[in-house]
Protein chains: 2
Amino acid sequence: MEDDDFDLGLRLRALRQLNELSQRELAKRAGVSNAVISLIEQNKSSPSVGVLKKVLAGIPISVSAFFSQDLTPRQKVFYRAEDLTEIGSGNISYQQVGRDLSDKALQVLHERLKPGADTGETLLRHESEESGIIISGEIELTVGDQRKILKAGDAFYFDSRIPHRWRNSGEVDAVIISACTPPTF
Amino acid sequence: MEDDDFDLGLRLRALRQLNELSQRELAKRAGVSNAVISLIEQNKSSPSVGVLKKVLAGIPISVSAFFSQDLTPRQKVFYRAEDLTEIGSGNISYQQVGRDLSDKALQVLHERLKPGADTGETLLRHESEESGIIISGEIELTVGDQRKILKAGDAFYFDSRIPHRWRNSGEVDAVIISACTPPTF
DNA sequence: CTTTCATGCTTATTATAATTAACACTATTA
DNA sequence: TAATAGTGTTAATTATAATAAGCATGAAAG
């Protein structure tokens, strides 16, 4: 969380290249001159937060996310799974990773909702947390007294004990990848 | 974006007063002139991040904490695409849902690997499980003595204590949504 | 080979932020 | 009644960042 070793120029450059943008392309999106990007990346100038905001909006990334150098040490590992198991019905498809989750600590789902599809009010009483990312389409998610429409790339994280529901508020199929833990059924 | 309504001046003033510092006292500690504090708090000037760093060091608070609007007593549920925390570098992008996972039981990531991107051999000794789904592109996974190429729609589930690695074996970017539990390191 | 385009970098000028030194206000104190 | 020390604000100057234009390199095309 400390910023002493925070190299702003390096971080901006990494983010820009990660998003496959040239200095000029980013500058154009951000509405600044290309020299600004060059100078900032070389740490030859310290941008005002106003300008930094504009630049980051062109990537896009928020200022707070930019400074969150959360180097959460991440486990870099993957393994092959079984075919996805269809556990849904009607106009909502739930494709689950893995067949028998009884001894597992994680449930990952590939969900597809047809337009208008609704989960209905759900009250879960087990201790678990749920998170996911919208792949395509549009989802209206209600958690407790909070409600928001999420689109492709947006995400969510909540405690499953809070009453929640979601529905496809768009005109096309909505696709979500979600995860929850533990998969106690 | 969460920063659209971010009032930098207001936030600085609130933090300064919370710490019972006068503009002059804070300026002295920060090594800047007192007028700077006044102008920033009135949003009459947009400080460079260099100056902002110095000012915040006088409170003291880190830049990342300053921009993290975690004042919200309310649990954060919705994350916009640009608010996902980028924790990657180089040719692998990891966008994490949520910033501080220290009290959470789930880590969900939106990953993007450039062609040829490779994690290298990793040996992890944590008791955790990981799962995910390939959204697009092609991934070659190696786990123990098994190896397989996964394409869009394929998925995986494994015990992360097994040595493993993965790389983008295709010609285009590969996108994965993955989850692992717990994020306690 | 030359031409064209895109890339990142550099320089001179312009715009903006930071400093210095004042101002106005309040509360305390002689 | 000043006189003093604290506060936040402001104006003029200086320092710095942002712009516009051009330079240099490298890749692809003619």
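Below, chains carry the letters A, B, ... as their sequence lines are ordered, and counting in each starts from 1.
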inquiry  = If you count every heavy atom of other residues, nucleotides or ligands that lies below 6.0 Å from B/Glu171 atom CD, does the total exceed 12?
reply    = no
ask   = Could you state the interatomic distance from NZ (A/Lys28) to OG (A/Ser33), rounded to the nearest 0.5 Å?
value = 15.0 Å
task = Using modelled atom types only, decide if a donor and an acceptor are shared between the side chain of A/Gln42 and the backbone of A/Ser38 within a distance under 3.5 Å.
result = yes
ask   = Quick check: does any side chain N or O of B/Asn43 sit under 3.5 Å from a backbone N or O of B/Gly9, one acting as donor and the other as acceptor?
value = yes
inquiry  = Strictly under 4.0 angstrom, non-hydrogen atoms only: write out the protein contact profile of nucleotides 4-18 of chain C, one letter per nucleotide from the 5' end, B, S or -.
reply    = ---BBBB------SS
Just the rounded figure in Å: distance from [atom2] of [N] to [atom1] of [X].
| X | N | atom1 | atom2 | result |
| --- | --- | --- | --- | --- |
| B/Leu26 | D/dT7 | CG | C1' | 14 Å |
| B/Glu20 | D/dG6 | CD | C1' | 16 Å |
| B/Asn43 | D/dG8 | CG | P | 16 Å |

task = Taking the side chain as every heavy atom from C-beta outward, state whether A/Lys148 and A/Asp154 have any pair of such atoms under 4.5 Å apart.
result = no
